[in-house]
Amino acid sequence: MSAVERGSRRLNDGAASGPHPLRSRLSGPVEEAARALLRARLVREDSSGLRVGRVVEVEAYDGPADLASHARFGRHGRTARNAVMFGPAGVAYVYLVYGMYDCLNVVSGIEGEASACLIRAIEPVHGIEPMRAARLANALSRRRSRETNSRLTEERLARLPVERLASGPGLVTAALGIDRSLNGLDLLDPTSPLRLEPAPDSSEAAEDRSREVGTSPRLGIDYAGPPWTELPWRFYLADSPALSGPRGTR
DNA sequence: GCAAAGATTTGCT
DNA sequence: GCAAATCTTTGCC
């Protein structure tokens, strides 16, 4: 076997690797991409170990015509920030919102389309304590926490239920240690330090598949105006305790 | 070069 | 329930 052939095989199962199981659906219409992301595993592998979450809430953003999308900027095309949105499906688009929180999107559709899905919440599956530690480090890095009472912040986070560790777009990135340095990363590459994997073929995943999908308008996009504020482009597993809140539909 | 606003979260009233 | 925190990006002068 040549080095190239070895590189095209999975490290652990030895089977030939075909196209990524999510690639086809992520390359389709953005609503289908959003539904494909529900139940998928978001996997973070770095110096603090392995962290895995089940995607339970996403929002679809449909390219430059969608006035709620960052792809609408750039009168004559793309801007420095939204450039990766115009790339192929499966690329990470990470941006800073409100000067404080990083948000993770998965680029979808075909190249040049610039549609993407915002990961709004995950249910922690593995690496709970590293997630909690990352949330704490993130909270303490903010001036507000330092000036008020870091002891209280610490105690609150220590008691925070597992399903609240990543129950919002800014909390997903905090729990998994995701920032803008990961912008442009290929989430469909099984060797990426941040990647997407299909729900495993197990009884646990069978339960996942029976969970109902709910939809609602997207949150926090009043600036876009109708019809964009009305489209039911937020998708979530209806029974999840990890949905974003308190503003979210719980 | 400058002003305005933002795909959020938290803590206090 | 409301407003502050915080800083990058964008559009316009």
Side-chain angles (χ1 to χ4, degrees), chain A residues 30-31 33-34 37 55 57-85 92-108 114-122 131 134-161 163-176 178-181 183 215-236 242-250:
Chain A
V30 70
E31 291 176 74
L37 285 168
V55 177
E57 181 181 344
V58 300
E59 278 174 357
Y61 289 85
D62 196 24
D66 179 354
L67 294 188
S69 172
H70 289 175
R72 74 187 186 278
F73 292 116
R75 200 67 187 81
H76 302 290
R78 60 200 77 180
T79 67
R81 181 175 65 168
N82 70 20
V84 304
M85 296 182 81
Y93 167 51
V94 186
Y95 69 93
L96 183 69
V97 72
Y98 294 109
M100 269 174 290
Y101 303 100
D102 287 293
C103 293
L104 171 68
N105 295 255
V106 181
V107 174
S108 66
S115 59
C117 298
L118 171 68
I119 307 293
R120 287 194 61 94
I122 63 175
M131 289 191 201
R135 280 289 309 276
L136 179 61
N138 183 275
L140 294 181
S141 73
R142 277 178 256 126
R143 193 200 303 178
R144 189 185 223 181
S145 284
R146 271 176 277 150
E147 284 179 350
T148 53
N149 191 338
S150 63
R151 183 72 211 165
L152 278 183
T153 302
E154 204 166 330
E155 287 171 1
R156 239 195 321 270
L157 264 167
R159 264 195 288 274
L160 196 66
E163 65 271 17
R164 298 271 92 187
L165 284 175
S167 59
L171 305 181
V172 170
T173 56
L176 295 185
I178 297 167
D179 62 28
R180 283 162 292 162
S181 71
N183 191 46
T215 65
S216 82
R218 295 171 292 180
L219 307 180
I221 57 149
D222 286 351
Y223 58 84
W228 313 106
T229 44
E230 334 246 295
L231 298 171
W233 282 359
R234 169 174 173 256
F235 301 84
Y236 54 91
L243 301 183
S244 62
R247 196 170 59 187
T249 306
R250 305 282 311 282

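Chain letters run A, B, ... following the sequence lines, proteins first, then strands; residues in each count from 1.
Looking at residues two or more places apart in sequence or on another chain, you find a salt bridge (charged side-chain N to carboxylate O under 4.0 Å, His left out) between A/Asp102 and A/Arg180. Under the rule for a side chain to side chain contact (heavy atoms under 4.5 Å, CB included), the partners of A/Ala34 that lie at least two apart in sequence or sit in another chain are A/Val58, A/Ala60, A/Cys117, A/Phe235. With sequence neighbours excluded, the residues forming a side-chain hydrogen bond (donor to acceptor under 3.5 Å, both in side chains) with A/Asn138 are A/Arg142, listed by chain and number. Scanning for side-chain hydrogen bond (donor to acceptor under 3.5 Å, both in side chains) contacts around A/Asp66 gives A/Arg218, with sequence neighbours left out. With sequence neighbours excluded, the residues satisfying side chain to side chain contact (heavy atoms under 4.5 Å, CB included) with A/Ala92 are A/Val94, A/Leu104, A/Leu185, A/Leu187. Residues passing the side-chain hydrogen bond (donor to acceptor under 3.5 Å, both in side chains) test with A/Arg151 are A/Glu155, sequence neighbours excluded. A/Arg78 pairs by the side chain to side chain contact (heavy atoms under 4.5 Å, CB included) definition with A/Asn82, A/Ala83, A/Phe86, not counting sequence neighbours. Applying the side-chain hydrogen bond (donor to acceptor under 3.5 Å, both in side chains) test to A/Ser115 and every residue at least two apart in sequence or in another chain returns A/Ser108, A/Glu113. In this view, A/Arg135 and A/Leu157, A/Leu160, A/Leu165, A/Leu171, A/Ala174, A/Ala175 satisfy the side chain to side chain contact (heavy atoms under 4.5 Å, CB included) rule, not counting sequence neighbours.
Each of A/Thr153 and A/Tyr95 has a nearest nucleotide on DNA chain B; the 5'-most of these lies closest to A/Tyr95. Toward the 5' end of DNA chain C, the nearer of the two residues A/Gly74 and A/Arg180, judged by each one's closest nucleotide, is A/Arg180. For the pair A/Tyr61 and A/Thr148, both in contact range of DNA chain B, the more 5′-proximal nearest nucleotide belongs to A/Tyr61.
As judged by a 4.0 angstrom heavy-atom cut-off over every strand, A/Arg81 is placed among residues touching the sugar-phosphate backbone only. Among the heavy atoms of the strands lying under 4.0 Å from A/Tyr101 is at least one base atom, whether or not backbone atoms are also near. At the heavy-atom level, A/Ser145 lies nowhere under 4.0 Å from the strands shown. Among the protein residues, A/Arg143 comes within range of the sugar-phosphate backbone only, with heavy atoms under 4.0 Å from sugar or phosphate atoms but none that close to a base.
In this structure, the CD1 atom of A/Ile178 is 19 Å from the P atom of B/dA7, given to the nearest Å. Rounded to whole Å, the distance from CZ on A/Arg72 to C1' on B/dA7 is 9 Å. As rounded to whole Å, 14 Å separates atom P of B/dT8 from atom CZ of A/Arg142. Rounded to whole Å, the distance from CD1 on A/Ile221 to C1' on B/dA7 is 8 Å. Rounded to whole angstrom, the span from the CG atom of A/Asp62 across to the C1' atom of B/dA7 amounts to 15 Å. Look at CG on A/Leu157: it is 9 Å from P on B/dG11, rounded to the nearest Å. Rounded to whole angstrom, the span from the CG atom of A/Leu67 across to the P atom of B/dA7 amounts to 12 Å. In this structure, A/Asn183 places its CG atom 15 Å from C1' of B/dA7, rounding to the nearest Å.
In this structure a side-chain-to-backbone donor-acceptor pair under 3.5 Å is missing from A/Glu59 to A/Arg120. Counting only distance, with no hydrogens or angles, the side chain of A/Ser69 and the backbone of A/Tyr61 share no donor-acceptor pair below 3.5 Å. Between the A/Tyr223 side chain and the A/Ala68 main chain, a donor and an acceptor come within less than 3.5 Å of each other.
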Protein N or O to nucleotides 3-5 of chain B N or O, pairs below 3.5 Å:
none

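Classification of the A/His70-A/Tyr93 ring pair by plane angle, with boundaries at 30° and 60°, yields perpendicular.
The nucleotide range of DNA chain C contacted by chain A, defined by atoms under 4.0 angstrom from heavy atoms of the protein and reported 5' to 3', is C/dA4 to C/dG11.
Distance check on atom P: C/dT6 versus B/dC2 gives 23 Å, rounded to whole Å.
Distances shorter than 4.0 Å separate some side-chain N or O of A/Arg156 from OP1 or OP2 on B/dG11.
The strand DNA chain B forms stems, runs of 3 or more Watson-Crick or G-U wobble pairs with distances below 3.5 Å, at B:1-6 with C:7-12, B:8-12 with C:1-5.
Here A/Tyr98 packs flat against the base of B/dT8; its ring centre is closer than 5.5 angstrom to the base's six-membered ring, tilted by less than 30 degrees.
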